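Predicted, not measured: the structure shown is a model, and the values here were computed from it.
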Amino acid sequence: LAHRRARVLVSGFSNTAIDHIAAGLLAEGVGVVRAGHSATKLAHIALSTLVEASDEAAEISLLRKAKCAREAKELEERVRGRLLRGADVVIATCISAGARELCGCTFSHV
């Protein structure tokens with residue numbers, strides 16, 4: 001499904017379960033983004049890590065230092081949205097799948 005550009009959300013009960021699923025998907029060459037404030041062993045796919053590594057990360061940091069919290073938050077949310085929309089598969093625990101972070105995201109398969 002992911003290779004046909006379907007919008008796929010994979011959810012699991014625990015962080016460990018999600019890590020195992022993500023590892024299998026990554027081994028198959030599927031692009032995975034891990035949503036939520038995760039206790040993952042696969043930090044390189046965590047949404048927060050991807051935001052920190054984005055081209056906009058420096059600008060977000062400068063906005064925060066300049067006490068422009070609203071602008072920083074808006075830019076960070078745009079980057080998060082772009083990363084989530086660009087993923088082959090978004091993966092999250094059951095709790096994170098219902099979090100605000102994924103509000104507005106639509107998936108063809110869950």
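- Judged by distance alone, with hydrogens and angles left aside, the side-chain atoms of S54 form a donor-acceptor pair with the main-chain N or O of V51 at under 3.5 Å.
- Taken together through direct or relayed side-chain contacts under 4.5 Å among Ile, Leu, Val, Met, Phe, Trp and Tyr, L47 and I95 form parts of separate hydrophobic clusters.
- Here D88 contributes atom CG and L25 contributes atom CG; the two are 9.5 Å apart, rounded to the nearest 0.5 Å.
- Cluster annotation: V110 is connected to V90 through the hydrophobic network of ILVMFWY side chains, with a link wherever side-chain heavy atoms come within less than 4.5 Å.
- Closest approach of L75 to L63, counting heavy atoms only: CD2-CD1, 4.2 Å.
- Side-chain contact between L9 and L102 is present, with heavy atoms from C-beta onward closer than 4.5 Å.
- Rounding to the nearest 0.5 Å gives a distance of 10.5 Å between CD of E59 and SG of C68.
- Side-chain atoms of T40 and R34 form a donor-acceptor pair, as typed in the model, at a separation below 3.5 Å.
- Considering every non-hydrogen atom in both L26 and V30, the closest pair reads CD2-O, 3.6 Å.
- The minimum heavy-atom distance between A97 and A92, with the atom names listed, is N-CB, 3.9 Å.
- The pair E77-R100 meets the salt-bridge criterion, since a charged nitrogen lies less than 4.0 angstrom from a carboxylate oxygen.
- Judged by distance alone, the side chain of T93 and the main-chain N or O of G12 form no donor-acceptor pair under 3.5 Å.
- In terms of heavy atoms, A22 sits closest to I45 at CB-CD1, 3.7 Å.
- Taking each heavy atom of V33 and L84 in turn, the nearest pair found is CG1-CD2, 4.1 Å.
- Once rounded to the nearest 0.5 Å, the distance linking CD of E52 with OG of S48 reads 5.5 Å.
- Contact check on R82 versus E56 returns a salt bridge, with a Lys/Arg side-chain nitrogen under 4.0 Å from an Asp/Glu carboxylate oxygen.
- Across every non-hydrogen atom of A72 and R64, the tightest pair is CB-CG, 3.7 Å.
- The side-chain heavy atoms of E74 and I60, taken from C-beta on, include no pair separated by under 4.5 Å.
- Side chain of S108 to main chain of R7: a donor-acceptor pair is present (N/O by atom type, distance under 3.5 Å, no hydrogens or angles).
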